[in-house]
Visitor: 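Please find one structure pasted underneath; my questions will follow.
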Amino acid sequence: MTYRSLVGFLLLVSALLLAGCDSNESPTLPPEEEEPPPSDTTGTGDPPSDTLRVLADERGIEFGTAVAADPLMTNDTYAEVLAREFNAVTPENAMKWSPLRPSRDEFTFADADSIVAFAARHDMSVRGHTLVWHRQLPNWLTEGDWSREELITILETHIQTVINHYEEEYPGQITKWDVVNEAIVDGGGRRNNIWQETIGDEYVAIAFRAAEEATDSDAKLYYNDYGIAGGGSKADGVYEMVSGLVENDVPIDGVGFQSHLSTQYGAPSDQVLADEMGRYEELGLNVAITELDVRIPLGDDGEPSEEQLSQQADYYTRFLNNCLFAENCTEFRAWGFTDAYSWVPDEFDGEGAALIFDENYEPKPAYDALIETLKN
Ligand code: XIL
């Protein structure tokens, strides 16, 4: 029974119960409803053939996007475009500590589950994001006066509970975990956060070991950070930390390059990108583009210029191309897909229009350019 027909059936049963139906009369069940065919954007009556998803499947790469639980549940167009264009998702916020763990002993999985269930119904893989970070932490955690041992226990319990929940409820659905997010600052050293201050450098290894111990699947474990695709002291700091983990047999499988770009700051060259990806290959690790978006400084009319849009298209395709070329990169994810739902305007003053569909779900030049890149 499909999800839609199950919902239909439950609605019918409750309507019959409310109407006090005669129990001798067997209710007529609605006919099995088929999953709707993919929506037709060609106007010819045929399902679309060259979507990003179709082309990414052909090339055998994960082509994904961050997904917010709210629009997924309430906006049909959002859900339709998502399932049509992508074969992979990352919950944008729903798996972070604050939404997931309102108190030390309470886990609320509903929003994150709705995303993972959608992915399961539409045959999309999921990147679990994120088990350890310094942002979006609940007050009970940040305001607590924890000893080192207590905080390690809280952290390990979190990692075990979240991974076990998904492996039990949605086996095989989460294929990657962002285990630790953004542990390094621009200068290349460790970020001072609750984990670092209370546990010390070792928290990163502790988290990876807890994740490895919790998982019974072959889900891959990643370190994920921004500002590391273009070289420099932060990229070197991350590389140094990750090399240390590998040397010490800490179970890490890959490094996520978040890749939040802006047309006003430029993008790394192909050579630099290839070098940054390549040095992890030499360590035996995968890389992934995990959160690509290309924000644009907007003028008074709030509209990007043609030139900015073509620069944006160039950055998107450069990252995809480099991932396709790199032996150890099989995963390309954007941080959202429609400008109607993007973190950029809230986070970066005066910038926006960072994604590949506009606010009305019309494809932008970056969309067409990605299609061409996947085709060639
Ligand atoms: C962002 C979300 O998009 C926002 O909605 C939220 O307010 C803050 O976090 N790096 C990450 C992501 O790893 O989790 C962040 O997501 C963007 C930067």
Side-chain angles (χ1 to χ4, degrees), residues 64-75 78 82 86 88-101 111-112 114-116 126-139 141-142 158-159 162 174 176-186 191 193-196 204 207-208 211 220-230 234-235 237-238 241-242 252 254-262 265 287-295 315 319 331-349 351-357 359:
T65 174
V67 172
D70 260 18
L72 184 63
M73 297 303 115
T74 57
N75 183 330
Y78 183 95
L82 173 64
F86 299 93
V89 300
T90 307
E92 180 174 357
N93 288 305
M95 275 185 197
K96 294 172 182 171
W97 277 66
S98 188
L100 210 58
R101 200 169 173 187
D111 273 0
S114 67
I115 296 174
V116 180
V126 181
R127 189 174 184 96
H129 177 81
T130 173
L131 296 170
V132 189
W133 197 26
H134 62 283
R135 289 180 63 178
Q136 290 173 278
L137 294 174
N139 291 343
L141 178 71
T142 53
H158 186 85
I159 291 172
V162 176
I174 299 194
K176 318 272 164 60
W177 285 100
D178 285 327
V179 178
V180 177
N181 204 32
E182 303 180 358
I184 300 291
V185 291
D186 286 354
R191 181 186 300 280
N193 60 30
I194 181 174
W195 313 111
Q196 182 72 31
V204 173
F208 277 97
K220 302 287 181 251
L221 308 180
Y222 275 69
Y223 174 75
N224 190 49
D225 213 331
Y226 64 88
I228 60 170
K234 176 164 183 180
V238 167
M241 179 187 75
V242 169
I252 177 172
V255 174
F257 291 30
Q258 290 184 10
S259 315
H260 295 287
L261 310 178
S262 167
Y265 303 127
V287 295
I289 307 299
T290 51
E291 307 185 8
L292 181 61
D293 54 12
V294 183
R295 54 190 197 270
Y315 292 2
F319 272 68
E331 193 184 348
F332 174 91
R333 291 163 187 260
W335 203 241
F337 58 99
T338 164
D339 291 334
Y341 300 99
S342 162
W343 76 310
V344 166
D346 292 333
E347 185 92 8
F348 302 94
D349 218 15
E351 294 185 283
L355 301 173
I356 63 174
F357 289 90
E359 294 187 351

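Just follow the structure's listing: the first ligand is 1, and inside any ligand the first atom is 1. As a basis for the values below, the full set of heavy atoms in this structure was taken, side chains included, without hydrogen atoms, waters or symmetry mates.
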Visitor: Provide the closest heavy-atom pair for Tyr222 versus Ala288 in the form atom of the first, atom of the second, distance.
Guide: CE2-CB, 4.0 Å
Visitor: Check ligand 1 for close polar pairs with the protein: N or O on both sides, less than 3.5 Å.
Guide:
from, atom 1, to, atom 2, distance (Å)
ligand 1, 3 (O), Glu92, OE2, 2.4
ligand 1, 3 (O), Trp335, NE1, 2.9
ligand 1, 5 (O), Glu92, OE2, 3.3
ligand 1, 5 (O), Asn93, ND2, 3.0
ligand 1, 9 (O), Lys96, NZ, 3.1
ligand 1, 9 (O), Gln136, OE1, 3.2
ligand 1, 10 (N), Glu182, OE2, 3.2
ligand 1, 10 (N), Gln258, OE1, 3.2
ligand 1, 10 (N), Glu291, OE1, 3.0
ligand 1, 13 (O), His129, NE2, 3.3
ligand 1, 13 (O), Asn181, ND2, 2.9
ligand 1, 13 (O), Gln258, NE2, 3.3
ligand 1, 13 (O), Glu291, OE1, 3.3
ligand 1, 13 (O), Glu291, OE2, 2.9
ligand 1, 14 (O), Lys96, NZ, 2.7
ligand 1, 14 (O), His129, NE2, 2.7
ligand 1, 16 (O), Lys96, NZ, 3.2
ligand 1, 16 (O), Trp335, NE1, 3.3

Visitor: His129 pairs by side-chain contact (heavy atoms from CB on, under 4.5 Å) with which of Ile174, Asp178, Val89?
Guide: Asp178
Visitor: With sequence neighbours excluded, what pairs up with Arg333 under the salt bridge (Lys or Arg N to Asp or Glu O under 4.0 Å) test?
Guide: Glu62, Glu331
Visitor: Minimum heavy-atom separation for Tyr223 to Val242, with atom names?
Guide: CD2-CG2, 4.3 Å
Visitor: Mind checking whether Asn181 and Gln258 have side chains closer than 4.5 Å, heavy atoms only?
Guide: yes
Visitor: Going by the angle between their ring planes, with limits at 30° and 60°, are Phe337 and Phe86 parallel, tilted or perpendicular?
Guide: tilted
